[in-house]
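A single structure is presented below for examination.
Residues: numbered from 1 along the sequence shown.
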Amino acid sequence: MSWTPPPQQRPQPQHWQQPGPQHPSQFQPGQHPGQPQHNPYLQARVTELANGEWHRLHPLTPWLRVLNLLGGVLFMALIIGVPLVGAVFGDDPDSPRVDISVGTYFLLVAIIALVIFALGTVGVVLGYRATEFRVTDEVLEMRSGVFARNFLQARLDRLQSVNINRPLGARMLGLSHVSTSGASDSSEVELKYLGHADADALRDEVLRRASGAKRRKRAEQSAAHQAARHGEQRTPSQSGAGPLPGNGQAPGVAPQNATGAAKPAPQRRTLSDFVDAVVDDFSGSFASLGEADSPTIVTVPAKRLAGVEMLKFVGAALIMLVTAGILWIVFGVLASSQAAFLDDLEHDALTVNIIGAIATIGMPLLVLIMGAFAVLVSLPGNMQYNIAGTPDGLRVGKGLLTTNSDTIAPGRIHAAEIQQPFWWRMFGWYRVRINRADVAIVSSDDSDSNQISRTVLLPVGKFDDVIRVLSVAMPMQFGPHTPHLMRDLLAAKPPKQLRVTPARAWFLAPFGWKRNAVLVDRGVVYLRRGRLERRVSMIPAERMQGLTISDGPWRRLAGTASLQIGTVLGPVLMGQRLVARSQALQLFEQLAQLAIQAAQVDRSHRWAEAGARMLVQVAQLQLQDARAAGAAPDPRAVAIAHAADEYQRQEGQR
């Protein structure tokens, strides 16, 4: 299970070797070229919305709901009122007869619809006035309900992601739907609706507070205040006391500088301290980066999304074509043999050929037409699919008419998987899926499509796209050797030293037993399985919540066992079915110790370290793209890379 990287690895990009004015040493705090200015409006709105007071939703919210109510009432009036006309005024003697005119009937239907609409409008207005929210340093709270009051409270440090959805109707009014998600239903708060700018600012502020940034700033301000107070205290020599022994300081008093202030003790700075200073310098404490300023890592072309969707129907059409062709031949032979006894060979053969031609050509063609229609319907919701790295986390945006922006907080991805279906190999396409605590998928039968789509991080992409996404999505586990490791695991035959299924167990998986592989490398467990559909899982040790070894009579006969890793539910492959029994026991002990050690040093639940590493990875990708295109590097990326270098130099001096 040991893996040795190739002897020749590509050198890491040297982001500090930028010619001329792009050298990071020339980008000093407060002097970054192209630095965005603070947005006073966003700063004021964040201060107002997140001041701990109760606030109502956008004033246009009830009007949008009233419009939806009006559409629902009109629809119900049409599907209920109009069909009753035939029953009320028809000639059927069994139907009830009403002695009113047609005009009077429609007037009554309109009055009933108007009353329902008026009552619904009153309920919408009262519900809007009774719905309020507030953001504190610890929680996001919401209260609603007119007669039955509902109180919902979500702890910020338990949030998994913040989603901004902009349906077409809401976009036309400048409104956004903000929702939070966590590991439990109590963390799901939905704010329908806020203005676009307010939604972006509130999302950034909620994620900033959830990451612990406000606590860190408060601690820094408190430490500075205490240092200032100590500096203002008069020394004994100034109060008329005698000379101080030694270095001029009173015994037990901290050394002081020339201004009289206490010298701070040397303190080790973390990577997040260096990176946060750059982020604050560029964007400010309150200014939002916005959707346009978020550095995009991967963009999925619309034609590739359409091709993936169409491949499903092309495969089904090919299967139907082959099946119908075989049936055509079989029934043709049977009809010919039967017609030989009836002396009607020509007539039966013609009938079979006509039916066979229609079935063989018509049914696959119908499937392709249905596939094209399905692509046209689903494509607008997935167009403009992009993945970006922001100081708040990994942001996935998509949609043409109805837009959706899902921000996954750093360190909230429990496992990732690279998947390559059989039909995708000729194009070199892959899919990346993840396990998230806020989207626990048990099976596709009892989960809606929106929840399942949120577990797909990259719907389709090349191998380079996969590596870029994984380097940002799991920065704590990604290293320079990871691309080579992934390439070996995704090969047709993984290295022999990684195989875990013995040859004597071939009868339990005759086609795929050579493809089963397990690798433990640098605190990450890699699982490989599948012949037609290749799957490689990436499971961080700190996310493992349990281990299970099981076997049965057939597995015992083959000397194998099943190893299952417990974590949050999702689509990612979390176990290996056929592992040599001795190897399974060894892996059980190794992974148990690894999980304990990783959990003791894990700090990703506070987001700081994972978020900083993610931004460093994003900056390195931006600098690579700039060098490849021969363009000037982004100043923010250069500054973040320079901050990472400063952190490395600090660690090297320790």
Side-chain angles (χ1 to χ4, degrees), residues 1-4 183 413-419 433-437 440-443 455 474 476-477 485-486 488-490 493-602:
M1 292 176 297
S2 61
W3 178 85
T4 304
I413 296 178
H414 291 249
E417 179 186 75
I418 305 175
Q419 182 186 23
R433 302 191 296 182
I434 57 175
N435 282 5
R436 303 170 53 176
I441 303 299
V442 180
S443 65
T455 63
M474 307 185 74
M476 307 287 287
Q477 296 79 26
L485 189 151
M486 286 293 184
D488 287 344
L489 288 174
L490 287 169
K493 294 182 179 181
K496 293 183 178 180
Q497 65 268 26
L498 303 182
R499 298 178 186 174
V500 294
T501 303
R504 62 179 178 273
W506 68 269
F507 63 94
L508 295 177
F511 298 103
W513 68 272
K514 291 183 179 181
R515 271 73 179 176
N516 296 339
V518 177
L519 172 65
V520 182
D521 183 75
R522 292 172 175 83
V524 182
V525 183
Y526 298 89
L527 304 177
R528 202 272 195 199
R529 195 168 72 191
R531 182 182 180 90
L532 295 180
E533 183 180 69
R534 300 171 184 170
R535 302 174 65 182
V536 175
S537 300
M538 185 177 180
I539 308 167
E542 61 269 19
R543 296 304 179 203
M544 293 191 297
Q545 301 176 8
L547 294 170
T548 304
I549 292 182
S550 60
D551 60 8
W554 294 108
R555 288 195 182 98
R556 285 195 294 270
L557 179 62
T560 61
S562 175
L563 177 66
Q564 185 71 26
I565 300 175
T567 183
V568 298
L569 296 176
V572 177
L573 172 69
M574 300 300 296
Q576 194 61 267
R577 293 179 298 179
L578 301 175
V579 183
R581 189 173 184 84
S582 59
Q583 218 169 356
L585 296 175
Q586 180 183 357
L587 281 170
F588 185 88
E589 297 295 335
Q590 180 183 2
L591 296 182
Q593 293 295 329
L594 183 63
I596 295 174
Q597 296 173 2
Q600 291 175 348
V601 299
D602 180 36

- Query: Which pairs with one or both residues in residues 559-575 pass salt bridge (Lys or Arg N to Asp or Glu O under 4.0 Å), sequence neighbours excluded?
  - Reply: none
- Taken in chain and number order and not counting sequence neighbours, the residues that satisfy side-chain contact (heavy atoms from CB on, under 4.5 Å) with Val524 are Gln477, Tyr526, Met538
- List in chain and number order the residues that pass salt bridge (Lys or Arg N to Asp or Glu O under 4.0 Å) with Arg577, two or more places apart in sequence or in another chain; answer none if no residue qualifies. none
- Query: With sequence neighbours excluded, what pairs up with Thr501 under the side chain to side chain donor-acceptor pair (under 3.5 Å) test?
  - Reply: Asn516
- Would you please name every residue forming a side-chain contact (heavy atoms from CB on, under 4.5 Å) with Leu585, sequence neighbours left out? Ile549
- Message: If you apply the rule side-chain contact (heavy atoms from CB on, under 4.5 Å), what do you find for Leu587 with Val520, and how did you get there?
- Response: CA-CA 9 Å; Leu587 281 170; Val520 182; 4.1 Å; yes
For residues 503-514, please give each side-chain donor-acceptor pair under 3.5 Å, one per line with the distance, not counting sequence neighbours.
unit_1: Arg504; atom_1: NE; unit_2: Ala558; atom_2: O; d: 2.9

- Message: Closer than 3.5 angstrom, by distance alone: can the side chain of Ser537 be matched with the main-chain N or O of Val572 as a donor-acceptor pair?
- Response: no
- Item | Where Arg528 and Gln576 come nearest, the two heavy atoms and their spacing | O-NE2, 2.9 Å
- Task: Please identify each residue that fulfils side chain to side chain donor-acceptor pair (under 3.5 Å) with Gln564, with sequence neighbours left out.
- Result: none
- Message: With a 4.5 Å cut-off on side-chain heavy atoms, are Ile565 and Leu547 touching?
- Response: yes
- Query: Looking at residues at least two apart in the chain, or sitting in another chain, which of them share a salt bridge (Lys or Arg N to Asp or Glu O under 4.0 Å) with Arg556?
  - Reply: Asp551
- Item | Sequence-distant partners of Arg535, side chain to side chain donor-acceptor pair (under 3.5 Å), two or more places apart | Glu417
- Note on the structure: Scanning both residues in full, the closest heavy-atom pair of Gly575 with Leu527 reads N-CD1, 3.5 Å
- Message: Just to verify, what does Ser562 make a side-chain contact (heavy atoms from CB on, under 4.5 Å) with, not counting sequence neighbours?
- Response: Ser550, Arg555
- Task: Side-chain contact test, heavy atoms from C-beta onward, threshold under 4.5 Å: evaluate it for Pro540 versus Met476 and give yes or no.
- Result: no
- Query: Arg529 side chain to Arg531 main-chain N or O, any donor-acceptor pair under 3.5 Å?
  - Reply: no
- Interatomic distance, Leu569 atom CG to Met574 atom CE [nearest 0.5 angstrom]: 9.5 Å
- Message: For a 4.5 angstrom cut-off between non-hydrogen side-chain atoms, does Leu563 reach Leu591?
- Response: yes
- Message: Holding to side chain to side chain donor-acceptor pair (under 3.5 Å), I want the full list of residues that pass it with Asn435, two or more places apart in sequence or in another chain.
- Response: none
- Rounded to the nearest 0.5 Å, how far apart are CG of Leu519 and CG of Leu498? 5.5 Å
- How many angstroms lie between atom CZ of Arg499 and atom CD of Gln583, to the nearest 0.5 angstrom? 12.5 Å
- Nearest heavy atoms of Ile418 and Met486, plus distance in Å: CD1-SD, 3.6 Å
- Message: Once rounded to the nearest 0.5 Å, what's the spacing between atom NE2 of His414 and atom CZ of Arg436?
- Response: 10.0 Å
- Taking every heavy atom of Ile539 against every heavy atom of Met544, the minimum-distance pair comes out as CG2-CG, 4.1 Å
